[in-house]
There are 2 protein chains.
Amino acid sequence: MGFAETFKALADPIRRDILTLLRSGRLSAGEIGSHFDMTGATISYHLGILKKADLVFEQREKNFIYYELNTSVVEEVMLWLSDLRGGNEHAEKK
Amino acid sequence: MGFAETFKALADPIRRDILTLLRSGRLSAGEIGSHFDMTGATISYHLGILKKADLVFEQREKNFIYYELNTSVVEEVMLWLSDLRGGNEHAEKK
DNA sequence: TAGCTATTTAGAATATTTTCTAAATAGCTA
DNA sequence: TAGCTATTTAGAAAATATTCTAAATAGCTA
């Protein structure tokens, strides 16, 4: 946790593509990998980084590992950016 | 332009601190540098990265260079994240 | 114009990231 | 349990990022 890891994870186009894939629901590591022209090992490396950044979490089932988007961290990043942007001082905490 | 550069720029804690400093208004390179324990050359390097990412723009005045936050790119990033997060389908374009 | 002051650029050292191949792990299935 | 299938881990190579010192640029000011 920490924005450094989160933004670092988001900085890579492949990792952003993975997150976009997960928008429509969870996918196994293999299913994710099939969308890219890279070895499974490399996909695993990227998934590890997304996981460390808490942008995804995994669910183990049979001998598959499913990855799912963690929207709460996406929210946190949006809040940080919103605070940086400032100026919406009427957006009151309710 | 492109999210890779933007997120990469945001990934570094010093650069995020610089952006936070700029929340309350523009500052010269020197004023920014005075908040950090690094050489001016290093600050200049980080400012260059923020500038390439369009997160800041510069205004030259006398022999100072002032940096100012570019909130429109912050907005764009928030939109991308908002789309990733999904699920707020009642947030209609007006 | 000579010399300041502010900032950037160049070049080099070190650290970090990304990718691959090969091997390891772990859980099914026959 | 033997051998699959899915995925990760280890180790190494190549690319990129971060920092410094030293030098360059550029605009004031006296």
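Letters go in sequence order (proteins before strands), and every chain restarts at 1.
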Using atom names, set out every protein N or O paired with an N or O of nucleotides 4-7 of chain D below 3.5 Å, distance rounded to 0.1 Å.
unit_1, atom_1, unit_2, atom_2, d
D:dT5, O2, A:N63, ND2, 3.1
D:dT7, OP1, A:A29, N, 3.2
D:dT7, OP1, A:G30, N, 3.4
D:dT7, OP2, A:G30, N, 2.5

Query - ring pair (Phe, Tyr, Trp, His ring centres under 6.0 Å) pairs, two or more places apart, involving residues 51-85 of chain B - result: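 Those involving residues 51-85 of chain B are B:F3-B:W80, B:F7-B:W80.
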
Query raised in the report: Is a salt bridge present between B:E58 and B:R26, judged by a nitrogen-to-oxygen distance below 4.0 Å?
Result: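 Between B:R26 and B:E58 there is no salt bridge, as every charged N stays at least 4.0 Å from the carboxylate O atoms.
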
Query raised in the report: Are A:K51 and A:E5 close enough for a salt bridge, meaning some N to O gap below 4.0 Å?
Result: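 Not counted as a salt bridge, because no side-chain N and carboxylate O are separated by less than 4.0 Å.
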
Report task. Measure the angle between the two terminal helix axes of the helix from C:dT1-D:dA30 to C:dA30-D:dT1, five base pairs each, and quote it to 10°. Result ->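 The value is 20°.
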
**Report entry** side-chain hydrogen bond (donor to acceptor under 3.5 Å, both in side chains) partners for A:D12, two or more places apart
**Finding:**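 Testing A:D12 for side-chain hydrogen bond (donor to acceptor under 3.5 Å, both in side chains), a comparison that skips the adjacent residues, returns none.
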
Query raised in the report: Just by protein heavy atoms under 4.0 Å, how would nucleotides 13-25 of chain D read 5' to 3' in B, S and -?
Result: ----SBBBBB---

Find out whether [X] and [Y] are in side-chain contact, i.e. whether some heavy atom of one side chain is under 4.5 Å from a heavy atom of the other.
{"X": "B:L10", "Y": "B:T6", "result": "yes"}
{"X": "B:H35", "Y": "B:D17", "result": "no"}
{"X": "A:R16", "Y": "B:L84", "result": "no"}
{"X": "B:I32", "Y": "B:I18", "result": "yes"}
{"X": "B:R85", "Y": "A:R23", "result": "no"}

Query - DNA chain C: 5'-proximal contact among A:K62 and A:A11 (nearest heavy atom) - result: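 Counting from the 5' end, the first nearest nucleotide belongs to A:A11.
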
Query raised in the report: Cluster partners of A:Y45, using ILVMFWY side-chain heavy atoms under 4.5 angstrom, listed by chain and number?
Result: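 Via sub-4.5 Å side-chain contacts, A:Y45 links to A:I49.
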
